[in-house]
Protein chains: 2
Amino acid sequence: MKKTAEINATQVCQVRMQAISDAMSLLSGKWKFHILGTLIEGNALGFMDLLREVKGIGTKMLSKELQDLEVNNLVSRKVMNTKPITVEYTITEYGKTLSPLIDEIAKWGIDYRKSVYGKTDK
Amino acid sequence: MKKTAEINATQVCQVRMQAISDAMSLLSGKWKFHILGTLIEGNALGFMDLLREVKGIGTKMLSKELQDLEVNNLVSRKVMNTKPITVEYTITEYGKTLSPLIDEIAKWGIDYRKSVYGKTDK
DNA sequence: TCTGGTACTTCCCAATTGGAAACTACTTTC
DNA sequence: GAAAGTAGTTTCCAATTGGGAAGTACCAGA
């Protein structure tokens, strides 16, 4: 009869749990994955481009989310020397390392949707 | 000069974005991954076991999160016929399909931590 | 009968998140 | 000079999230 934690007391689990918290604190929120996914797909987009691509987002959120992603080195921001000043947002090399993770989530989400709305013989 | 969305207008992107939203709506929150991870690691835990394993969680949150996970068929709840009534929480077969995703997040989180606190020659 | 263990629920509150609308600021075009 | 396009910021508000503490209910053992 155990009265104290056992499973998660191991070093390996502690590290894993911490890692998941780290990752999710960077990637949580309604828009992060949408923005990252869009930037992975189409490189170098302006603020207004993103506003049009990421359906439903407003200027405040987009601005804030891009800042978050920038300080975490997932997205880079470059002010261009154009007549009406434009800004180029691109995914960084480091941001690209999220591709397998995003793919895995998308894959699971697609399967989930199938299992809910899909065939009834399950 | 494009004025309308182009990248995310494709059917493939729409489906992917929807899938990511689906998945995250089930898995977001402070505790979901911790609970799932613990249940994947150690099968069949009681409410109080989980309360001890998932460091920091309170009864209210644990109860609510377990209900969420149960309705989405990721965790199963079984009331045991014991003297002081006990409940067994187990991960479902479907819940186990989250393993690769959880592994991927943990892996990325560990690498992220290394890139922040790790070697400076990067 | 009182303490302790199981498994919760309820209530109240604070912090965070997210959104709409308006506003800034600068430039080019009509 | 007004309109439109660039890239945001600010303000105000509502909804969601999360936590602490206490309460409920049932049973067993000292």
Side-chain angles (χ1 to χ4, degrees), chain A residues 1-6 17 20-21 24-36 38-39 44-72 75-90, chain B residues 1-6 17 20-22 24-36 38-39 42 44-72 75-90:
Chain A
M1 48 192 76
K2 52 178 183 299
K3 294 288 165 193
T4 52
E6 282 185 354
M17 291 300 183
I20 289 168
S21 293
M24 292 323 286
S25 77
L26 302 187
L27 302 172
S28 67
K30 200 171 168 181
W31 302 108
K32 297 267 165 58
F33 283 120
H34 290 77
I35 295 169
L36 288 169
T38 304
L39 286 172
L45 293 170
F47 187 85
M48 284 301 168
D49 293 329
L50 281 166
L51 204 58
R52 281 184 283 263
E53 292 288 346
V54 183
K55 222 176 78 185
I57 201 170
T59 56
K60 195 192 73 170
M61 274 298 117
L62 181 56
S63 174
K64 194 213 125 212
E65 298 290 66
L66 284 169
Q67 280 169 27
D68 285 357
L69 294 171
E70 198 195 349
V71 298
N72 288 313
V75 159
S76 81
R77 179 181 185 273
K78 194 173 156 196
V79 179
M80 306 305 282
N81 199 12
T82 48
K83 325 71 175 276
I85 191 172
T86 51
V87 177
E88 252 188 31
Y89 290 98
T90 24
Chain B
M1 48 188 76
K2 55 177 179 298
K3 294 289 165 192
T4 52
E6 283 186 356
M17 291 302 183
I20 290 168
S21 293
D22 286 352
M24 294 322 286
S25 76
L26 302 188
L27 302 172
S28 67
K30 201 173 169 181
W31 302 108
K32 296 267 166 56
F33 283 121
H34 291 77
I35 295 170
L36 288 169
T38 304
L39 286 173
L45 293 170
F47 187 84
M48 285 300 167
D49 294 329
L50 281 166
L51 203 59
R52 281 184 286 263
E53 292 288 345
V54 182
K55 224 175 77 185
I57 201 171
T59 56
K60 196 192 72 171
M61 272 300 118
L62 182 55
S63 174
K64 194 210 124 212
E65 298 290 66
L66 284 170
Q67 279 169 27
D68 284 359
L69 295 171
E70 199 196 348
V71 298
N72 288 313
V75 160
S76 81
R77 180 180 184 272
K78 194 174 157 194
V79 180
M80 305 305 282
N81 200 11
T82 49
K83 321 74 174 272
I85 191 171
T86 51
V87 177
E88 253 188 30
Y89 289 99
T90 23

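Order of the sequence lines sets the chain letters (A, B, ...), proteins ahead of strands, with each chain counted from 1.
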**Q** Would B:V87 and B:R77 satisfy side chain to side chain contact (heavy atoms under 4.5 Å, CB included), going step by step from the backbone distance to the final call?
**A** CA-CA 7 Å; B:V87 177; B:R77 180 180 184 272; 3.5 Å; yes
**Q** Less than 4.5 Å apart, side chain to side chain, heavy atoms only: is that true for A:M24 and A:K32?
**A** no
**Q** Write down the distance between NZ (B:K78) and C1' (C:dA7), rounded to a whole number of angstrom.
**A** 17 Å
**Q** If only side-chain N and O atoms of A:R52 are considered, is one of them under 4.0 Å from the OP1 or OP2 phosphate oxygen of D:dA7?
**A** no
**Q** Pick the nucleotide of DNA chain C nearest each of A:G58 and A:I85; which residue has the one closer to the 5' end?
**A** A:G58
**Q** Between C:dC8 atom C1' and B:M61 atom CE, what is the distance in whole Å?
**A** 14 Å
**Q** Given atom CD of A:E88 and atom P of D:dG8, what is their separation to the nearest angstrom?
**A** 12 Å
**Q** Across the strands shown, which category fits A:Q67 at heavy-atom distances under 4.0 angstrom: base, sugar-phosphate, nothing?
**A** sugar-phosphate
**Q** Base of C:dT6, side chain of B:T82 - is there a donor-acceptor contact under 3.5 Å?
**A** no
**Q** OP1 or OP2 of C:dT6 less than 4.0 angstrom from a side-chain nitrogen or oxygen of B:Y89, does that happen here?
**A** no
**Q** Under the side chain to side chain contact (heavy atoms under 4.5 Å, CB included) criterion, do A:I35 and A:Y89 qualify, and how do the steps go?
**A** CA-CA 10 Å; A:I35 295 169; A:Y89 290 98; over 6 Å; no
**Q** May I ask you to test the B:T90-B:L39 pair for a side-chain heavy-atom distance under 4.5 Å?
**A** no
**Q** Heavy atoms under 4.0 Å, any strand shown: does B:T59 hit a base, just sugar-phosphate, or nothing?
**A** base
**Q** Please evaluate the base of D:dG19 for a donor-acceptor partner in the side chain of B:K60 within a cut-off of under 3.5 Å?
**A** yes
**Q** Quick one: which of D:dA28, C:dC8, D:dA7 gets closest to the side chain of A:F47?
**A** D:dA7
**Q** Given atom CG of A:N81 and atom P of D:dA7, what is their separation to the nearest angstrom?
**A** 14 Å
**Q** Once you round it to whole Å, what is the distance between C1' of C:dA20 and NZ of A:K64?
**A** 16 Å
**Q** Rounded to the nearest Å, what distance is computed from the CD1 atom of residue B:I57 to the P atom of nucleotide D:dG18?
**A** 10 Å
**Q** May I ask you to evaluate whether B:K30 reaches the phosphate of C:dT16, defined as a side-chain N or O under 4.0 Å from OP1 or OP2?
**A** no
**Q** Please examine the side chains of A:F33 and B:S21, heavy atoms only from C-beta on, and report whether any two atoms are closer than 4.5 Å.
**A** no
**Q** Could you tell me the separation between the CE atom of B:M24 and the P atom of C:dG18, rounded to a whole number of Å?
**A** 12 Å
**Q** Using atom CG of A:L62 as one end and atom P of C:dG18 as the other, report the distance to the nearest whole Å.
**A** 13 Å
**Q** Under 4.0 Å from OP1 or OP2 of D:dT6: is there any side-chain N or O of A:T86 that close?
**A** no
**Q** B:R77 side chain: which of C:dT6, C:dC8, D:dA7 is closest?
**A** C:dC8
**Q** Among the nucleotides D:dG18, C:dT9, D:dA28, which one has an atom lying closest to any side-chain atom of B:S63?
**A** C:dT9
